[in-house]
Number of protein chains: 2
Amino acid sequence: MNHPSGDPGGAPRPAGRGASRPASRHGTKTAAPAHGAPTFAPLYRQIQALLMRSLQEGEWKPGEAIPSETELAARFRVSQGTVRKAIDELAAGHMLVRRQGRGTFVASHHEVRTQFRFLRIRPDEPAGGGAYAAMPMTSHILDCRRLRAPVEIARLLQLRTGETVIQIRRMLEADGRPEVLDEIWLPGARFRGLSAERLAAYSGPLYGLFEAEFGTRMIRATERLKAIAADAALARELDVAPGSPLLLVERLTYTYEDRPVELRRGYSVTTNHHYYNELI
Amino acid sequence: MNHPSGDPGGAPRPAGRGASRPASRHGTKTAAPAHGAPTFAPLYRQIQALLMRSLQEGEWKPGEAIPSETELAARFRVSQGTVRKAIDELAAGHMLVRRQGRGTFVASHHEVRTQFRFLRIRPDEPAGGGAYAAMPMTSHILDCRRLRAPVEIARLLQLRTGETVIQIRRMLEADGRPEVLDEIWLPGARFRGLSAERLAAYSGPLYGLFEAEFGTRMIRATERLKAIAADAALARELDVAPGSPLLLVERLTYTYEDRPVELRRGYSVTTNHHYYNELI
DNA sequence: TAGTGGTCTAGACCACCGT
DNA sequence: CGGTGGTCTAGACCACTAA
């Protein structure tokens with residue numbers, strides 16, 4: 001079937017005109033996969049995939065506006081409602097940001113609204129009796145080294161053992177007290193040229209730097225939390241007694257295509273702050 | 001304005017007929033609140049609110065089907081698309097569950113799909129090399145007492161100090177090893193008749209019991225995590241050395257109307273498991 | 001086969017934003 | 001004021017489920 005069923009006796013749409021056009025109306029039956037039932041791919045998901053591809057390829061950069069819904073509808077030769085549904089889901093996944101009256105924009109880690117999307121550490125009592133919010137902390141880079149990936153790191157980042165990785169260590173402080181020791185691992189190839197100087201020169205969220213300077217946008221992350229005892233080194237750096245309980249937050253961060261591109265281990269003294277989570 | 005703008009010269013809809021009918025088409029300007037800009041309440045949100053009220057009042061019980069979209073559209077005198085959008089958001093918030101070809105159902109903590117919605121504890125390695133999943137643990141009730149609410153408990157549950165609360169303590173074990181000690185606080189008035197015997201007799205998720213026997217459905221929860229050192233009592237019960245690091249998960253669970261109705265403190269030995277979270 | 005949710009379209013109007 | 005996203009409608013057809 002090649003035309004919309006609801007199409008009121010209209011003239012057939014001209015084909016081609018250089019616009020990429022999804023396979024058919026009303027979705028497409030993809031070939032039945034080896035396991036499981038055949039899947040149905042609705043039109044709006046195909047549009048979604050096309051938009052995702054444009055985002056990945058950098059057709060629109062973080063912070064920029066994408067074309068209006070009307071324009072996109074014309075480009076893909078679908079109704080505005082279909083484009084709308086595609087954008088809706090991308091906006092729900094924080095890939096895009098809608099702003100009424102202005103347009104739809106590529107999400108960016110520079111913007112305040114999404115700045116601390118991945119930060120779950122909160123002070124136990126909100127400062128100044130105000131609303132609970134992300135904790136204001138200052139960051140100090142301890143070191144930034146290039147080395148061969150240990151087995152465990154390579155496995156998690158889906159690299160070959162021995163490939164070069166970058167290790168960053170930094171301390172997050174609040175009120176001059178050390179709160180979190182972060183140990184960050186990055187694939188060397190993707191972050192060529194990253195150095196301690198460059199990190200020190202940059203103020204703002206790390207993910208903003210990655211996005212602006214290395215074209216790598218962090219999309220989602222998974223975290224595993226454990227309580228551990230501080231060993232001698234950690235105890236010294238965090239200024240606690242050896243054996244003190246620490247909250248270990250291990251985060252794997254993913255870019256497009258579900259590629260893991262950052263491993264982060266945060267060691268946290270949770271006497272004055274906590275990890276906050278909402279279950280919905 | 002009283003009629004849909006797109007209404008093609010149609011006859012005016014009969015008014016009344018016993019159906020509750022939202023204020024107007026195309027949303028309603030609510031009176032400007034004291035602080036902030038005037039709010040706009042679209043029709044579908046009004047429908048949403050009406051559906052929520054029916055859920056709260058128990059017009060449809062957990063597990064039951066609600067009327068079809070067509071029926072609801074007729075009842076509220078709006079288009080199916082508007083009902084659809086209302087349901088969409090409720091389904092996203094796990095209030096309802098859509099099942100294609102069957103209908104839309106009131107979510108229940110008895111169903112497998114939502115059974116472990118609030119359980120974030122996972123084994124470090126999935127059992128049998130399978131996919132990662134919630135950890136299978138067996139529960140033992142240690143005690144269930146009725147007492148006057150301590151200040152802190154009362155504050156969190158929004159009760160008056162000294163009001164009667166129920167305290168449940170239970171141990172979760174995996175492979176016969178103690179893993180999590182749970183201390184659960186409930187408002188006595190809402191859970192009248194809850195006893196250790198009744199808890200022991202019931203197998204299945206606690207929230208299923210609360211929903212079926214006390215008409216209290218848990219909707220959402222917030223959690224605060226800290227790493228703490230095991231005191232003598234905890235160490236004994238969890239079979240670890242005093243001072244061992246434990247993961248403390250403090251959960252506040254809410255029913256309808258954003259009323260907190262459960263406080264839960266879980267003390268966890270995270271040597272073989274962890275707390276899992278997805279950041280999106 | 002009937003009924004339910006899911007997709008798609010076309011068109012109108014509204015709220016919001018910048019100029 | 002024009003343009004953008006946001007809401008609402010009406011109607012057609014598709015996919016899925018159960019009888």
Side-chain angles (χ1 to χ4, degrees), chain A residues 1-11 13 22-30 32 37-48 65-74 76-91 96-105, chain B residues 1-11 13 22-30 32 37-48 65-74 76-91 96-105:
Chain A
M1 187 188 295
N2 225 356
H3 277 286
S5 357
D7 205 349
R13 283 189 185 68
S24 88
R25 296 314 206 184
H26 299 302
T28 307
K29 270 235 175 59
T30 59
T39 329
F40 177 72
L43 236 195
Y44 75 87
R45 282 206 185 282
Q46 302 175 43
I47 306 293
Q48 214 178 62
I66 70 170
S68 76
E69 295 181 353
T70 323
E71 273 181 84
L72 289 171
F76 296 130
R77 305 186 159 272
V78 297
S79 82
Q80 196 208 354
T82 301
V83 169
R84 193 169 179 70
K85 188 151 187 181
I87 292 181
D88 274 346
E89 292 198 359
L90 293 177
L96 298 172
V97 179
R98 321 190 75 136
R99 280 181 240 181
Q100 181 168 153
R102 308 226 284 127
T104 301
F105 299 78
Chain B
M1 187 187 297
N2 224 356
H3 277 287
S5 357
D7 204 349
R13 284 188 185 68
S24 88
R25 296 314 206 181
H26 299 302
T28 307
K29 268 232 176 60
T30 59
T39 328
F40 177 73
L43 237 194
Y44 75 88
R45 282 208 184 283
Q46 302 176 43
I47 306 295
Q48 215 178 61
I66 71 171
S68 75
E69 295 181 353
T70 322
E71 273 180 85
L72 289 171
F76 296 129
R77 306 185 159 271
V78 296
S79 82
Q80 194 207 355
T82 300
V83 169
R84 193 170 179 70
K85 188 150 186 181
I87 292 181
D88 274 346
E89 292 197 358
L90 293 177
L96 298 172
V97 179
R98 321 190 74 135
R99 280 180 239 179
Q100 182 167 157
R102 306 227 282 128
T104 302
F105 300 77

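Order of the sequence lines sets the chain letters (A, B, ...), proteins ahead of strands, with each chain counted from 1.
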Handout entry: Candidate nucleotides dT7(D), dA10(D), dG5(C), ranked by approach to the side chain of Arg84(B) - the nearest
Key = dG5(C)
Completion exercise
Among the nucleotides dT9(D), dT7(C), dC8(D), whichever has the atom closest to the side chain of Pro42(B) is dC8(D)
Just how far, in rounded Å, is [atom2] of [N] from [atom1] of [X]?
{"X": "Arg99(B)", "N": "dG6(C)", "atom1": "CZ", "atom2": "P", "value": "12 Å"}
{"X": "Arg77(B)", "N": "dA10(D)", "atom1": "CZ", "atom2": "C1'", "value": "17 Å"}
{"X": "Lys85(A)", "N": "dG5(D)", "atom1": "NZ", "atom2": "C1'", "value": "18 Å"}
{"X": "Ile66(A)", "N": "dT4(D)", "atom1": "CD1", "atom2": "P", "value": "12 Å"}
{"X": "Phe105(A)", "N": "dC17(C)", "atom1": "CZ", "atom2": "P", "value": "12 Å"}
{"X": "Leu72(B)", "N": "dT9(D)", "atom1": "CG", "atom2": "P", "value": "14 Å"}
{"X": "Asp88(A)", "N": "dT7(C)", "atom1": "CG", "atom2": "C1'", "value": "14 Å"}
{"X": "Gln100(B)", "N": "dC14(D)", "atom1": "CD", "atom2": "P", "value": "14 Å"}

Fill in the blank from the handout: For Glu71(B) and Pro67(B) the tightest heavy-atom approach is CB-CB, 4.0 Å
Handout entry: Minimum heavy-atom distance between Ala86(A) and Tyr44(A), given as atom pair plus value
Key = CB-O, 3.4 Å
Practice task
Measure the shortest side-chain to side-chain distance between Ile66(A) and Ile87(A) over non-hydrogen atoms and say whether it is less than 4.5 angstrom.
Solution key: yes
Handout entry: Any Arg98(A) side-chain heavy atom under 4.5 Å of Asp88(A) side chain
Key = yes
Exercise for the section: Mind checking Thr70(A) for me? I need base, sugar-phosphate or nothing, with any heavy atom below 4.0 Å counting as a touch. Expected result: nothing
Handout entry: Main-chain N/O of Val83(B) paired to Glu69(B) side chain as donor or acceptor, under 3.5 Å
Key = no
Practice task
Look at the side-chain N and O atoms of Arg98(A) and state whether any lies under 4.0 Å from the OP1 or OP2 oxygen of dG6(D).
Solution key: yes
Practice task
Considering just the side-chain nitrogens and oxygens of Thr104(B), establish if one lies under 4.0 Å of OP1 or OP2 belonging to dG5(C).
Solution key: yes
Fill in the blank from the handout: Comparing nearest nucleotides in DNA chain D, the 5'-proximal residue of the pair Thr82(B), Gln80(A) is Gln80(A)
Completion exercise
Whichever of Arg102(B) and Gly103(A) has the more 5' nearest nucleotide on DNA chain D, that residue is Gly103(A)
